[in-house]
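Note: hydrogens, waters and symmetry copies are ignored here, and every other heavy atom, side chains too, is used.
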Amino acid sequence: MSRSIPEHGTSARYKGRQNLPGCRCRPCTRAASRADAERRLARLSGTPRSADAVLFERTLAHLRSLVARDMSHGQIGRSAGVSQSTVSQLLSGQRKSLMSATARKLVGVQITDRTDTCMVSTVGAMRRTQALYWMAHRSQTIADFTGLHEDTVLGIARGRWERTTAARVNAVGAAYDQLVMRYGDSPRAHQFAVDNAWHGPLAWDDDTIDDPSALPATDAAQPLTTEGGNVADRWLMGESVILGAEDRIQVLLHLYQWTDQTPEEIAARLGMTASAAEQAWFRHRRKERAAGRPVPWRRVWELRDKNLTKNEMGEAA
């Protein structure tokens, strides 16, 4: 497909290009003169149209950094709103100059500006999928919420791929947010997760679940929940019931807010590690704050041997 011929009355038509001689008609000449005058004025005012050497090198360094972090030339171009060929020519050294406006667009591209087709790490998606199995969710349930095939869901959970598309990772993340707060109905799925030494959601913090170097704060394996309502209240009243994931969170929040027990004591009562209990408490506080709802706090003050100052009373509250 041949490129369109620039219109008359433009500097591009005046310059021409290969196999297209420049036009010297009066409108094209005036347009070229006007463009030259605008370039000189921009240069004199300190805002040249062409990127200077410092901005040009900064742009190249930024592009190399993005490519090193697995962004393709096409993804960079789409994020910046420039052509892929511009990015490729800059990185290959074919292009030695750049417009300032284009350079600023390229420098503004962040590693988070990815398209759904780019390849990203599956670590976070794998841990989230494993946690959903641990919560007794069936493959079909996870597939329905993600829009992925059951085989793909199981492949992600098993770590079949080190990298997958951002679309898959985002789909798993969205499904995890919807399913993580309730227990599934498949004891086989839970046992499958236990047999494979997979961890439940309380083992991971929201800030570290995507970090390949993060280690799980393991909590005890949990059997299926007791049937019936008010399970959390029944547990707190001393009834011998088995807590589901949501009931477990309710109990943990109650113990943190309304008792003077330490995190270690609370964790011991729930059969989990103190680190996992702390993560669950702070994770719930962050979610409530992000949703604009009242943030729960510990209402039981710790006794001290000295009188509290005004600042200390504020900290205690």
Practice prompt. Determine the sole option in W297, W281, F282 for which the ring-ring contact (aromatic ring centres under 6.0 Å, His included) test with Y256 is passed.
Written response: W281

Report yes if some heavy atom in the side chain of [X] is under 4.5 Å from a heavy atom in the side chain of [Y]; otherwise report no.
X    : Y    : result
Y133 : N196 : no
I76  : V82  : no
D185 : R138 : yes
C25  : H8   : yes
L154 : F192 : yes

Joint hydrophobic cluster, [X] plus [Y], side-chain heavy atoms closer than 4.5 Å:
X    : Y    : answer
V123 : I142 : no
L106 : L55  : no
L90  : V107 : no
I209 : M181 : yes

Fill in: Over 12 non-hydrogen atoms of neighbours within 6.0 angstrom of CD in E7
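Incorrect, the count does not exceed 12.
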
Atom [atom1] of [X] and atom [atom2] of [Y]: how far apart are they, to the nearest 0.5 Å?
X    : Y    : atom1 : atom2 : answer
M99  : R104 : CE    : CZ    : 9.5 Å
Q250 : H254 : CD    : NE2   : 11.0 Å
E278 : E264 : CD    : CD    : 7.5 Å
H137 : L179 : NE2   : CG    : 4.5 Å

Worksheet item: Looking at W161, is R168 sitting on its ring face, NZ or CZ under 6.0 Å from the six-membered ring centre and within 45 degrees of the normal?
Response: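 That pair qualifies as a cation-pi contact.
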
Identify the heavy atoms of [X] and [Y] that sit nearest to each other, and give their distance.
X    : Y    : answer
M126 : A157 : CG-O, 3.5 Å
A125 : V172 : O-CG1, 3.7 Å
A103 : T59  : CB-OG1, 3.5 Å
L202 : R248 : CD1-NE, 3.5 Å

Discussion item. Is there a side-chain contact (heavy atoms from CB on, under 4.5 Å) between Q84 and V87? Walk through the geometry before answering.
Written reply: CA-CA 5 Å; Q84 175 181 341; V87 178; 5.6 Å; no

Discussion item. Whether R128 and D210 form a salt bridge (side-chain N of Lys/Arg under 4.0 Å from carboxylate O of Asp/Glu) is what I want to check.
Written reply: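 Yes, charged N to carboxylate O under 4.0 Å.
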
Practice prompt. Go through the side-chain N and O atoms of T86 and S83 and say whether any donor and acceptor fall under 3.5 Å apart.
Written response: yes

Practice prompt. Would you please indicate yes or no on a ring centroid separation below 6.0 angstrom for W134 and H190?
Written response: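 Between H190 and W134, the centre distance is under 6.0 Å.
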
Practice prompt. Run the numbers on V109 and K105 for side-chain contact (heavy atoms from CB on, under 4.5 Å), then give the verdict.
Written response: CA-CA 7 Å; V109 175; K105 290 179 181 178; over 6 Å; no

Worksheet entry | Qualifying residues under side chain to side chain contact (heavy atoms under 4.5 Å, CB included), relative to A267, sequence neighbours excluded | M272, A274, A277

